[in-house]
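Contents: one structure, followed by commentary.
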Amino acid sequence: MKVVRAVWVLVAMLAIAALVWAALEPIAWLSQSCSKGWVLSEPSTRPAATCETSLFSALETTRFALLAALVVVPPLVAAACNRLWMSGVVVMALIAITGFGLSRWPTYWLVVALIGAPLAFFGLILILIHLAMKTREQSPNAPVP
């Protein structure tokens, strides 16, 4: 089951890479207020931030850390536990996080949905792989190591 753990860590690394990419993009691609009047009026943004400011520079540090924790911590928890039921819980959490991001779509919270949806998809595939490996391991015809 080391493969499952390694893939969950890879999923967490993909989340970090996607978050770094999103952090370097201007906040205008996420903010509805920028598309309407090109004036940034988002809660929890720095006062000097404009629509051309990167997401990382526009958000307060605690808000960006929360965004990062929402998409990076669940795959790491699944990797640490390495249990099939925990993978299921993590995928449900990622689906809930995606729903939360979609419910706040005109704001910067959309980045959570844009990263969480593919992670949930990868997690579902990983659950199927984990289940297949566990079934094969427990089958009576399994080769003896």
Side-chain angles (χ1 to χ4, degrees), residues 1-139 142:
M1 297 295 177
K2 291 181 182 181
V3 172
V4 175
R5 179 174 286 166
V7 174
W8 271 119
V9 171
L10 180 67
V11 168
M13 290 170 57
L14 286 173
I16 291 170
L19 195 60
V20 167
W21 171 77
L24 298 176
E25 291 293 315
I27 197 167
W29 74 280
L30 290 170
S31 173
Q32 184 80 18
S33 66
C34 286
S35 66
K36 288 182 178 177
W38 207 248
V39 176
L40 182 63
S41 61
E42 294 285 337
S44 302
T45 55
R46 295 191 172 139
T50 64
C51 290
E52 294 90 15
T53 307
S54 70
L55 181 66
F56 182 75
S57 299
L59 292 181
E60 295 174 353
T61 308
T62 56
R63 199 56 75 162
F64 191 79
L66 180 61
L67 285 174
L70 282 174
V71 294
V72 174
V73 170
L76 291 176
V77 168
C81 289
N82 202 22
R83 298 279 185 250
L84 184 60
W85 65 270
M86 183 53 79
S87 294
V89 169
V90 165
V91 167
M92 288 187 287
L94 288 171
I95 291 171
I97 289 167
T98 301
F100 173 77
L102 286 175
S103 71
R104 302 184 185 274
W105 70 269
T107 65
Y108 57 86
W109 286 104
L110 182 63
V111 76
V112 173
L114 293 175
I115 296 172
L119 293 182
F121 177 73
F122 290 139
L124 284 172
I125 292 172
L126 193 54
I127 285 175
L128 293 175
I129 292 170
H130 196 162
L131 188 59
M133 290 175 67
K134 190 172 184 178
T135 303
R136 184 175 178 156
E137 187 179 273
Q138 293 176 351
S139 72

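Along the sequence shown, residues carry numbers from 1.
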Heavy-atom count around [X] [atom1] within 6.0 Å, excluding the residue itself: above 12?
{"X": "F64", "atom1": "CZ", "answer": "yes"}
{"X": "F100", "atom1": "CZ", "answer": "yes"}
{"X": "M13", "atom1": "CE", "answer": "no"}

Residue pair [X] / [Y]: nearest heavy atoms and the distance that separates them:
{"X": "V9", "Y": "A79", "result": "CG2-CB, 3.7 Å"}
{"X": "W8", "Y": "V91", "result": "CH2-CG2, 4.2 Å"}
{"X": "V90", "Y": "P75", "result": "CG1-N, 4.1 Å"}
{"X": "C51", "Y": "P26", "result": "O-CB, 3.7 Å"}
{"X": "A69", "Y": "P74", "result": "O-CD, 3.6 Å"}
{"X": "I127", "Y": "L84", "result": "O-CD1, 3.8 Å"}

Is the shortest heavy-atom distance from the side chain of H130 to the side chain of N82 under 4.5 Å?
yes

For the [atom1] atom of [X] and the [atom2] atom of [Y], what is their distance to the nearest 0.5 Å?
{"X": "L59", "Y": "L30", "atom1": "CG", "atom2": "CG", "result": "9.0 Å"}
{"X": "I27", "Y": "R46", "atom1": "CD1", "atom2": "CZ", "result": "11.0 Å"}
{"X": "W29", "Y": "L55", "atom1": "CH2", "atom2": "CG", "result": "8.0 Å"}
{"X": "L10", "Y": "L126", "atom1": "CG", "atom2": "CG", "result": "9.5 Å"}
{"X": "I115", "Y": "L19", "atom1": "CD1", "atom2": "CG", "result": "4.5 Å"}
{"X": "L24", "Y": "F56", "atom1": "CG", "atom2": "CZ", "result": "9.5 Å"}

Criterion side chain to side chain contact (heavy atoms under 4.5 Å, CB included) against V112, the qualifying member of L66, I97, L102:
I97

When L94, V111, L119 are each screened for side chain to side chain contact (heavy atoms under 4.5 Å, CB included) with V71, the one that passes is L119

Could you walk me through whether M92 and I95 pass the side chain to side chain contact (heavy atoms under 4.5 Å, CB included) check?
CA-CA 5 Å; M92 288 187 287; I95 291 171; 5.6 Å; no

Taking it one step at a time, do S103 and W109 satisfy side chain to side chain contact (heavy atoms under 4.5 Å, CB included)?
CA-CA 9 Å; S103 71; W109 286 104; over 6 Å; no

Before giving the answer on side chain to side chain contact (heavy atoms under 4.5 Å, CB included), spell out for V4 and M133 the whole-Å C-alpha distance, their side-chain angles and the decisive distance to 0.1 Å.
CA-CA 9 Å; V4 175; M133 290 175 67; 4.0 Å; yes

Are E60 and T45 close enough, and set up right, to give a side chain to side chain contact (heavy atoms under 4.5 Å, CB included), and what steps lead you there?
CA-CA 6 Å; E60 295 174 353; T45 55; over 6 Å; no

Okay, side chain of S57, backbone of T53: is any donor-acceptor separation there less than 3.5 Å?
no

